[in-house]
Amino acid sequence: MKEKFYGTILQSDKLAKYILETSAYPREHEQLKELRNATVDKYQFWSLMNVPADEGQFLSMFLKIMNAKKTIEVGVFTGYSLLSTALALPDDGKIIAIDPDREAYETGLPFIQKANMTHKIQFIQSDATKVMNDLQAKGEEGTFDFAFVDADKENYINYHEQLLKLVKVGGIIAYDNTLWSGTVAASDEDEMQDYLRGCRGHIIKLNSFLASDSRIELAHLSIGDGLTLCKRLQ
């Protein structure tokens with residue numbers, strides 16, 4: 001078991017640093033690097049709310065392999081995963097990006113603009129449930145190739161039910177932070193920061209729920225802070 005829980009699920013900080021410095025950062029798009037640095041400057045510790053560079057690169061390659069064209073992102077923060085997605089989509093690709101925090105989004109917006117990716121993104125400052133209900137009411141069910149969720153952990157299961165309607169059969173829903181710094185395997189007595197303890201139960205419940213959901217094919221990956229891929233089967 002890890003001696004302390006934060007950021008990466010890897011046992012070794014040196015190994016996490018090695019992966020980033022050897023493979024991820026040398027291939028990182030210039031505007032992604034600028035966005036990452038600006039997020040650290042403004043948010044310091046909480047910059048970990050963005051996906052790490054290696055996870056962003058995995059998502060980018062995965063979207064290209066899928067030939068994804070239309071995606072939805074629930075939870076944006078400053079937009080590292082959003083820009084990674086936009087760079088991976090074709091020029092006529094479309095992303096619905098939902099977050100109640102416009103200030104955080106606007107921290108990353110200059111770098112999205114500099115990368116010439118704004119035409120692919122529709123940012124909606126709102127509660128995600130309302131937006132997804134509106135999309136269903138407008139006939140958008142089954143039209144999204146991919147969904148990425150990195151938002152309020154207590155609502156992941158609620159979002160799952162809505163996204164199963166919006167994502168097409170064969171499409172993918174990806175949930176971030178599903179290993180929660182490794183605390184999902186910790187005991188209640190283990191020491192951990194309050195923010196980790198506060199959401200740990202929601203993540204454990206989500207993982208059990210997804211494992212028993214016959215409507216999806218499941219892959220739970222140990223990248224970043226844990227990433228779960230769900231392929232809609234029906």
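Heads up: numbering here begins at 1 and tracks the sequence. This structure is a prediction, so every number in the text was calculated from the model and none was measured. Quick note: numbers below take in every heavy atom, side chains included, and nothing from hydrogens, waters or symmetry partners.
- Using a 4.5 Å heavy-atom threshold, the side chains of Leu163 and Met132 count as touching.
- Comment: Asp134 engages Lys130 in a salt bridge, judged by a side-chain N to carboxylate O separation of less than 4.0 angstrom.
- In this structure, Glu154 CD and Ile203 CD1 are separated by 9.5 Å, a value rounded to the nearest 0.5 Å.
- Between Gln31 and Glu34, some side-chain heavy-atom pair lies under the 4.5 Å cut-off.
- One distance of note links CG of Leu89 with OG of Ser60; it measures 9.0 Å at 0.5 Å rounding.
- Here the CD-NE2 distance, from Gln57 to His29, works out to 11.5 Å after rounding to the nearest 0.5 Å.
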Exercise for review: Go through Glu21 and Lys14 one step at a time and tell me if the salt bridge (charged side-chain N to carboxylate O under 4.0 Å, His left out) criterion holds.
Suggested key: CA-CA 10 Å; Glu21 293 184 351; Lys14 290 182 179 179; over 6 Å; no
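- Rounding to the nearest 0.5 Å places CH2 of Trp180 at 10.5 Å from OG1 of Thr178.
- Under the 4.5 Å side-chain criterion, counting only non-hydrogen atoms from C-beta, Arg200 is in contact with Met192.
- Heavy atoms of other residues, nucleotides or ligands lying less than 6.0 angstrom from NZ of Lys205 number 12 at most.
- No side-chain donor-acceptor contact under 3.5 Å links Asp145 to the backbone of Gly171.
- Counting heavy atoms from C-beta on, the side chains of Ile112 and Leu82 come closer than 4.5 Å.
- Counting only heavy atoms from C-beta outward, the side chains of Met117 and Leu83 approach each other to under 4.5 Å.
- Around atom OH of Tyr18, no more than 12 heavy atoms belonging to other residues, nucleotides or ligands sit under 6.0 Å away.
- The distance from atom NZ of Lys168 to atom OG1 of Thr143, rounded to the nearest 0.5 Å, is 9.5 Å.
- Here ring-ring contact (aromatic ring centres under 6.0 Å, His included) pairs that include residues 110-153, with residues two or more places apart or in two chains, are Tyr105-Phe123.
- Tyr175 and His160 have tilted rings, their planes meeting at an angle from 30° to 60° on a 0 to 90° scale.
- Annotation for Arg27: atom CZ does not count as buried by contact number, only 12 or fewer foreign heavy atoms lying within 6.0 Å.
- A donor-acceptor distance shorter than 3.5 angstrom exists from the side chain of Asp190 to the backbone of Ser187, with no hydrogens or angles considered.
- Contact annotation: the side chain of Val167 never approaches that of Ile172 to less than 4.5 Å [non-hydrogen atoms, C-beta and beyond].
- Screening Glu140, Lys165, Gln162 against Leu135 for a side chain to side chain contact (heavy atoms under 4.5 Å, CB included) leaves a single residue, Glu140.
- The closest side-chain heavy-atom distance from Leu87 to Leu32 is below 4.5 Å.
- Leu227 contributes atom CG, which lies 8.0 Å from atom NE2 of His220 (distance to the nearest 0.5 angstrom).
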Exercise for review: Carefully, step by step, assess Ser126 and Val131 under the rule side chain to side chain contact (heavy atoms under 4.5 Å, CB included).
Suggested key: CA-CA 7 Å; Ser126 176; Val131 174; 3.5 Å; yes
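- In this structure, Glu141 contributes its side chain and Leu166 its backbone to no donor-acceptor pair below 3.5 Å.
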Output side-chain donor-acceptor pairs under 3.5 Å for residues 74-81, partner residues at least two apart or in another chain, one line each.
unit_1, atom_1, unit_2, atom_2, d
Thr78, OG1, Thr39, OG1, 2.8
Thr78, OG1, Asn50, ND2, 2.6
Tyr80, OH, Glu28, OE2, 2.5
Ser81, OG, Glu73, OE2, 2.6

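- Side-chain contact between Ile216 and Leu164 is present, with at least one heavy-atom pair separated by less than 4.5 Å.
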